[in-house]
Amino acid sequence: MTISCRGLTKVYEGGKSGWPALRGISFDIGPGEFAAVTGPSGCGKSTLLNIIGLLDEPSGGGYFLHGRDVVKMSDLERSDARRDGIGFVFQAFHLLNRLTALDNVCLPMMYAGAPDKAIKSRAHELLHKVGLKGKEIKTPLELSGGERQRVAIARALANSPKIILADEPTGNLDSSSSREVMNMLLALNKEGITVVMVTHDRELAALAGRNIRMMDGVIES
Ligand SMILES: Nc1ncnc2c1ncn2[C@@H]1O[C@H](COP(=O)(O)OP(=O)(O)OP(=O)(O)O)[C@@H](O)[C@H]1O
Ligand SMILES: [Mg+2]
């Protein structure tokens with residue numbers, strides 16, 4: 001299995017006894033699946049995605065990534081697994097506005113220690129792939145929302161991840177840009193990348209192979 005969750009719980013610190021966000025989540029996602037996660041605001045979707053993406057740790061339960069027990073990994077093993085294996089796409093893009101599109105895409109490869117020349121040529125290739133040839137030297141503020149998200153997708157692909165996690169990637173986009181971003185994620189999934197996407201958009205969710213519906217920190221269906 002690519003992703004296996006067993007009774008995951010998450011309680012955020014605060015208040016008298018903390019804020020429970022996940023209350024026992026179990027599911028498997030196999031290689032090459034495209035899963036849409038839906039559910040009302042506050043039901044725990046981003047919390048779950050952040051745990052799957054090794055950005056946050058669960059309070060209890062088990063999480064296995066490609067069969068490896070994440071709870072038993074050291075911090076270094078976890079950050080290596082995140083950098084090399086997982087690409088993130090967020091609603092608010094999370095690009096660095098003072099860097100060009102090209103340099104935003106280069107960044108994760110620099111952290112991974114790839115040689116300079118290879119980094120630049122792969123960044124060009126990825127921007128071409130997402131339809132941004134000719135816009136390499138623009139900064140995010142000089143690009144449209146849809147273009148920014150395509151830079152973010154190129155960046156997510158930089159280290160050739162097996163998994164892409166997208167948290168409302170179309171939340172800030174109009175319907176035609178949303179559709180473009182969705183088509184891009186579907187195309188990447190066809191190439192074999194496992195995709196988990198949180199969305200409020202029913203039409204987009206219907207295009208995913210699978211729907212995971214959450215409610216109050218548990219999976220409803
Ligand atoms: N850092 C935090 N500290 C305390 N509580 C938090 C924190 N982050 C989230 N929560 C709480 O955990 C619950 C789940 O939040 P989460 O962000 O996962 O919801 P969501 O399903 O992604 O919602 P939305 O659709 O609005 O993005 C909410 O009740 C929220 O208030
Ligand atoms: Mg959220």
Side-chain angles (χ1 to χ4, degrees), residues 2 31-38 46 49 53 82-112 114-210:
T2 303
E33 276 200 84
F34 192 134
V37 179
T38 59
S46 296
L49 212 67
R82 177 172 64 230
R83 185 194 64 209
D84 299 334
I86 301 170
F88 293 92
V89 183
F90 299 97
Q91 173 171 7
F93 319 124
H94 293 207
L95 297 169
L96 294 179
N97 287 335
R98 38 181 191 86
L99 297 186
T100 61
L102 192 75
D103 287 341
N104 269 285
V105 179
C106 288
L107 222 59
M109 294 185 268
M110 289 163 64
Y111 289 135
D116 270 5
K117 227 176 147 189
I119 290 177
K120 282 267 184 298
S121 84
R122 178 155 174 81
H124 275 282
E125 206 178 285
L126 287 169
L127 285 173
H128 193 177
K129 182 179 172 122
V130 299
L132 291 175
K133 196 174 164 57
K135 305 212 164 157
E136 294 85 351
I137 61 159
K138 291 201 163 195
T139 66
L141 298 177
E142 298 165 332
L143 295 169
S144 72
E147 289 171 338
R148 286 180 204 181
Q149 201 56 302
R150 284 187 274 154
V151 175
I153 291 173
R155 179 186 57 185
L157 292 171
N159 291 330
S160 309
K162 291 201 170 69
I163 301 173
I164 286 196
L165 302 178
D167 195 349
E168 297 189 45
T170 65
N172 281 340
L173 304 180
D174 64 27
S175 61
S176 89
S177 300
S178 293
R179 197 51 208 240
E180 257 172 34
V181 162
M182 184 64 187
N183 285 341
M184 216 162 273
L185 293 174
L186 287 166
L188 293 171
N189 178 243
K190 269 222 170 95
E191 291 175 17
I193 296 180
T194 305
V195 181
V196 184
M197 177 184 74
V198 170
T199 185
H200 278 118
D201 186 322
R202 278 160 192 262
E203 277 178 42
L204 295 188
L207 297 171
R210 178 164 165 208

Measure the CZ-CG distance between Arg148 and Leu141 for me, rounded to the nearest 0.5 Å. 5.5 Å

How many angstroms lie between OG1 in Thr2 and NZ in Lys162, if you round to the nearest 0.5 Å? 9.0 Å

I'd like to check the salt bridge (Lys or Arg N to Asp or Glu O under 4.0 Å) partners of Arg83; sequence neighbours left out, ordered by chain and number. Asp80

All side chain to side chain contact (heavy atoms under 4.5 Å, CB included) counterparts of Ser177, not counting sequence neighbours: Leu173, Asp174

Salt bridge (Lys or Arg N to Asp or Glu O under 4.0 Å) filter on Arg122, not counting sequence neighbours, yields Glu125

Expected output: side-chain Asn159 to main-chain Pro108 donor-acceptor under 3.5 Å: yes

Once side chain to side chain contact (heavy atoms under 4.5 Å, CB included) is applied, do any residues pair with Met184, and if so which ones, sequence neighbours excluded? Val130, Arg150, Ile153

Kindly check if the number of other-residue, nucleotide or ligand heavy atoms within 6.0 Å of CD (Glu142) is above 12? yes

Between Pro140 and Leu95, the two heavy atoms sitting closest are CG-CB, 3.8 Å

Glu180 meets the side chain to side chain donor-acceptor pair (under 3.5 Å) criterion, sequence neighbours left out, with none

Is it the case that more than 12 heavy atoms not belonging to His200 sit under 6.0 Å from its NE2 atom? yes

Can you list every pair that meets salt bridge (Lys or Arg N to Asp or Glu O under 4.0 Å) and has a residue in residues 94-103, with sequence neighbours left out? Asp103-Lys120

Side chain to side chain contact (heavy atoms under 4.5 Å, CB included) against His94, all qualifying residues, sequence neighbours excluded: Phe90, Ala92, Arg155

Between Leu157 and Ile164, is any pair of side-chain heavy atoms under 4.5 Å apart? yes

Listed partners of Ser46 passing side chain to side chain donor-acceptor pair (under 3.5 Å), at least two apart: Asp167

Report yes if some heavy atom in the side chain of Thr38 is under 4.5 Å from a heavy atom in the side chain of Thr199; otherwise report no. yes

Flag the pair Met182 / Leu207 as yes when at least one side-chain heavy-atom distance between them is below 4.5 Å, and no otherwise. yes

For the atom pair CD (Gln149) and OG (Ser144), what is the distance rounded to the nearest 0.5 Å? 10.5 Å

Here the pair of heavy atoms bringing Thr194 nearest to Gly32 is OG1-N, 2.9 Å

Are Met197 and Pro169 close enough that some pair of their side-chain heavy atoms sits under 4.5 Å apart? yes

Apply the test side chain to side chain contact (heavy atoms under 4.5 Å, CB included) to residues Asn172 and Phe93: give CA-CA distance (whole Å), side-chain angles for both, the deciding distance (0.1 Å), then the verdict. CA-CA 9 Å; Asn172 281 340; Phe93 319 124; 4.2 Å; yes

Residues two or more places apart in sequence or in another chain: which of them pass side chain to side chain donor-acceptor pair (under 3.5 Å) with Glu136? none

Applying side chain to side chain contact (heavy atoms under 4.5 Å, CB included) to Glu168 and Leu49, what does each step give before you reach the verdict? CA-CA 11 Å; Glu168 297 189 45; Leu49 212 67; over 6 Å; no

Contacts of Leu96 that satisfy side chain to side chain contact (heavy atoms under 4.5 Å, CB included) - sequence neighbours left out: Leu99, Asn104, Leu107

Value rounded to 0.5 Å, distance of CG in Leu132 from CG in Leu102: 11.0 Å

Interatomic distance, CD1@Ile119 vs OH@Tyr111, rounded to 0.5 Å, equals 11.5 Å

Excluding sequence neighbours, so at least two apart, what forms side chain to side chain donor-acceptor pair (under 3.5 Å) with Lys135? Glu147

Hey, could you give me each pair passing salt bridge (Lys or Arg N to Asp or Glu O under 4.0 Å) that has a residue in residues 187-201? Not counting sequence neighbours. Lys129-Glu191

So how far is it from Leu185 CG to Phe34 CZ, rounded to the nearest 0.5 Å? 5.0 Å

Taking all atoms of both residues into account, what is the closest heavy-atom pair of Ala101 and Leu143, and its distance? CB-CD1, 4.4 Å

Main-chain N/O of Thr139 paired to Asn97 side chain as donor or acceptor, under 3.5 Å: no

